[in-house]
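Here the structure is a predicted model, which means the values were calculated and not measured. As the structure lists them, so they are numbered: ligands from 1, and atoms in each ligand from 1.
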Amino acid sequence: MQHKIVFATNNPHKLKEIQSLLGNHFQLLSLKEIGFEGDIPENQTTLEGNALEKARYIFDKYAFPCFADDTGLEVDALGGEPGVYSARYAGPLQNYGAEEKRSAANISKLLAKLSGNPNRNARFRTVIAYLDGKEEHFFEGIVNGSIIDVRRGSEGFGYDPVFIPEGQTGTFAEISLSEKNKISHRARAFALFVEHMKRQKS
Ligand code: IMP
């Protein structure tokens with residue numbers, strides 16, 4: 001039997017990625033499908049806080065099992081920046097129309113701040129908060145890597161063109177979505193989430 005759960009996100013990239021990771025075990029309902037339109041608050045200062053705030057907001061309105069994720073790029077030489085502010089690093093979201101424009105500005109700021117710095121260590125970290133009606137659950141996925149100083153590749157989104165995952169030669173923007181799903185922060189967090197859900201079924 002398919003389990004219906006709501007993924008509290010407005011990001012179509014993520015919905016596509018997670019759908020391909022979850023397979024047939026679950027029927028993911030989008031916010032649109034449950035009739036929610038608008039923005040979900042995201043006012044916390046940690047990835048954990050933001051993920052929980054988003055899941056709780058939708059759970060309280062619709063009483064459906066619900067999960068939300070939050071991801072940040074944490075750069076060592078910048079004390080963990082942009083972290084929870086990764087999406088709006090170069091300025092408020094409303095300053096930028098298309099997501100591509102925003103990502104381009106975010107990357108430009110990142111590269112400017114890292115200019116001349118030999119310490120390029122960074123990681124993507126994803127936190128998922130899941131509310132099943134009884135408890136809060138958290139799942140974390142990390143991929144370590146490094147930031148290069150020139151964009152490479154056209155796949156993916158966000159900071160993908162400047163992030164090379166550990167053990168690879170290409171950036172996240174130079175590999176296919178299915179390759180990225182084998183190693184990404186989000187894939188790792190969601191693998192733990194899926195394991196948890198499977199344990200609940202048996
Ligand atoms: P979100 O919490 O998944 O919306 O991620 C926040 C921001 O982190 C996004 O707007 C992107 O800038 C960045 N980000 C998240 N995941 C990725 C990824 O897989 N590749 C590149 N950038 C990402």
Atom 4 (O) of ligand 1 sits nearest the protein heavy atom Lys14 NZ, 3.6 Å
Just to confirm my output: which protein heavy-atom neighbour is closest to atom 17 (C) of ligand 1, and how far is it? Phe157 CZ, 3.6 Å
Donor-acceptor pairs under 3.5 Å, side chain of residues 161-172 to any protein atom, not counting sequence neighbours: which ones?
| unit_1 | atom_1 | unit_2 | atom_2 | d |
| --- | --- | --- | --- | --- |
| Thr171 | OG1 | Arg152 | O | 2.6 |
| Thr171 | OG1 | Ala173 | N | 3.1 |
| Thr171 | OG1 | Glu174 | N | 3.3 |

Ligand-side contact atoms (ligand 1) for residue partner Ser86, heavy atom cut-off under 4.0 Å: 7 (C), 8 (O), 12 (O)
With backbone taken as N, CA, C and O and side chain as the heavy atoms from C-beta onward, which portion of Phe172 lies under 4.0 Å from ligand 1: side chain, backbone, both, or neither? neither
Just checking, is any N or O donor in the side chain of Ser30 or Glu33 under 3.5 Å from an acceptor N or O on the other one? yes
Tell me whether ligand 1 is touched by Asp70 - counting only heavy atoms on the residue side and a distance under 4.0 Å. yes
Under the ring-ring contact (aromatic ring centres under 6.0 Å, His included) test, which residues partner Tyr89, sequence neighbours left out? none
For atom 23 (C) of ligand 1, the protein heavy atom that lies nearest, with its residue and separation: Phe124 CE2, 3.6 Å
So is Arg88 close enough to ligand 1, meaning a heavy atom under 4.0 angstrom away? no
Identify the closest protein heavy atom to atom 5 (O) of ligand 1: which residue and atom is it, and at what distance? Thr71 O, 3.5 Å
Using a distance-only test with no angle check, is there a side-chain donor-acceptor pair under 3.5 angstrom linking Arg151 and Ser108? yes
For Gly83, is there any backbone N or O sitting under 3.5 Å from a side-chain donor or acceptor partner on Ser86? yes
Any idea which protein heavy atom is nearest atom 16 (N) of ligand 1, and the distance to it? Arg186 NH1, 3.2 Å
Close approach, His185 and ligand 1, non-hydrogen under 4.0 angstrom: yes
Would you mind listing which atoms of ligand 1 come within a distance below 4.0 Å of any non-hydrogen atom of Asp160? 18 (C), 19 (O), 20 (N), 21 (C)
Note the single closest protein heavy atom to atom 12 (O) of ligand 1, along with its residue, its atom name and the distance in Å. Tyr159 CE1, 3.3 Å
Residue, atom and distance of the protein heavy atom nearest atom 10 (O) of ligand 1 read Ala87 CB, 3.3 Å
If the plane angle is over 60° it's perpendicular, under 30° parallel, otherwise tilted; pick one for Phe67 and Tyr130. perpendicular
Taking the inter-plane angle between the rings of Phe190 and Phe193 on a 0 to 90° scale, is it parallel (under 30°), tilted (30 to 60°) or perpendicular (over 60°)? perpendicular
